[in-house]
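For reference, the structure discussed in these notes is given below.
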Amino acid sequence: MEAFDFIKKELPDVLLAKLDFDVVLSKRQVVEKISALEPTFGGMAVHYENHGRRVEIIWSKALQEKWADRLNAGQKVRYIQKNSKGQVMKPQCRDGVLSESGVFWVGTDRCVYADFGEGSEAYDITHIEPAE
């Protein structure tokens, strides 16, 4: 899975789970299965790919711990852009706030709504960090 290598640069603790089902699942069913499995895996699902009856899910315990009790509207956050080598690109760091509580899926990526002074937009959660 190509996404695994990319995400591993940002979250070194990620794990890849490959699950096989007896039937082909809809996107809604896949998301429901992932949500039900998160407590079992002890982390937050970051990304998934669906291949018919096989679903591959990338999990991160560190991401779950980083966001524990912080996914609330008004939480101060920082957008951090990294290059392909995983190095932070300083001019791309911006401060903002979560504009809505919780996480959601955009396609196959876990996202949050954040506002960096230009209105609320969806951002991949791997590029957003809570600001202390």
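Residues take their numbers from the sequence shown, with the count starting at 1. For clarity, every value in this text was computed on a predicted model and none was experimentally measured. Atoms considered below: every heavy atom in the structure, side chains included; atoms not considered: hydrogens, waters and symmetry mates.
At distances below 3.5 Å, at least one donor-acceptor pair connects side-chain atoms of Gln29 with backbone N or O atoms of Ser26. Listed for the Ser101 side chain is a donor-acceptor partner under 3.5 Å among the backbone atoms of Ala73. Judged by distance alone, with hydrogens and angles left aside, the side-chain atoms of Arg110 form a donor-acceptor pair with the main-chain N or O of Ala45 at under 3.5 Å. Of the possible polar contacts, none joining the Glu56 side chain to the Leu16 backbone as a donor-acceptor pair under 3.5 Å is found.
The CD1 atom of Ile58 sits 14.0 Å away from atom CE of Met44, with the distance rounded to the nearest 0.5 Å. A distance of 4.5 Å separates CD1 of Ile57 from CD1 of Ile34, quoted to the nearest 0.5 Å. The distance from the OH atom of Tyr123 to the OH atom of Tyr79 is 7.0 Å, given to the nearest 0.5 Å. In this structure, CD1 on Ile125 lies 5.5 Å from CG on Leu71, to the nearest 0.5 angstrom. The NE2 atom of His47 sits 8.5 Å away from atom CH2 of Trp105, with the distance rounded to the nearest 0.5 Å. Interatomic distance, CD of Gln75 versus CH2 of Trp67, reported as 6.0 Å (0.5 Å rounding).
Asn50 pairs by the side-chain hydrogen bond (donor to acceptor under 3.5 Å, both in side chains) definition with nothing, not counting sequence neighbours. Scanning for side-chain hydrogen bond (donor to acceptor under 3.5 Å, both in side chains) contacts around Glu65 gives an empty result, with sequence neighbours left out. Take Asp124 and apply the side-chain hydrogen bond (donor to acceptor under 3.5 Å, both in side chains) test, not counting sequence neighbours, and it matches Thr126.
Scanning all heavy atoms of the two residues, the minimum distance from Phe104 to Ala122 falls at CZ-CB, 3.8 Å. Of all heavy-atom pairs spanning Trp59 and Gly43, the tightest one is CE3-O, 4.0 Å. Contact detail for Val46 and Ser60: the closest heavy-atom pair is CG2-CB, 4.0 Å. Closest non-hydrogen pair, Phe116 versus Ile128, comes out as CZ-CD1, 3.7 Å. Contact between Ala114 and Val77 at its shortest, heavy atoms only, is CB-CG2, 4.3 Å.
Transitive grouping of hydrophobic side chains (ILVMFWY, heavy atoms separated by less than 4.5 Å) brings Leu19 and Val30 into a common cluster. A single hydrophobic cluster is seen to contain both Val103 and Ile7, as judged by linkage of ILVMFWY side chains at heavy-atom distances under 4.5 Å, directly or through other members. No chain of hydrophobic side-chain contacts below 4.5 Å, direct or via other Ile, Leu, Val, Met, Phe, Trp or Tyr residues, connects Phe41 to Phe4. Transitive grouping of hydrophobic side chains (ILVMFWY, heavy atoms separated by less than 4.5 Å) keeps Leu11 and Val106 in distinct clusters. Tracing side-chain contacts under 4.5 Å through hydrophobic residues (I, L, V, M, F, W, Y), one reaches Val31 starting from Val55; they form part of the same cluster.
Within a 6.0 Å radius of NZ in Lys27, other residues, nucleotides and ligands contribute more than 12 heavy atoms. Residue-environment remark: NZ (Lys61) stays at or below the threshold of 12 foreign heavy atoms within 6.0 Å. In Lys33, the NZ atom is not crowded: 12 or fewer heavy atoms of neighbouring residues, nucleotides or ligands sit closer than 6.0 Å.
Using a cut-off of 4.0 Å between Lys/Arg side-chain N and Asp/Glu carboxylate O, Arg94 and Glu121 are scored as not salt-bridged. Taking 4.0 Å as the cut-off between side-chain N and carboxylate O, Asp20 and Arg54 count as a salt-bridged pair.
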Report the C-alpha distance between His127 and Ile80 in whole Å, list the side-chain angles of each, state the deciding distance to 0.1 Å, and finish with yes or no for side chain to side chain contact (heavy atoms under 4.5 Å, CB included). CA-CA 5 Å; His127 295 293; Ile80 300 176; 5.9 Å; no
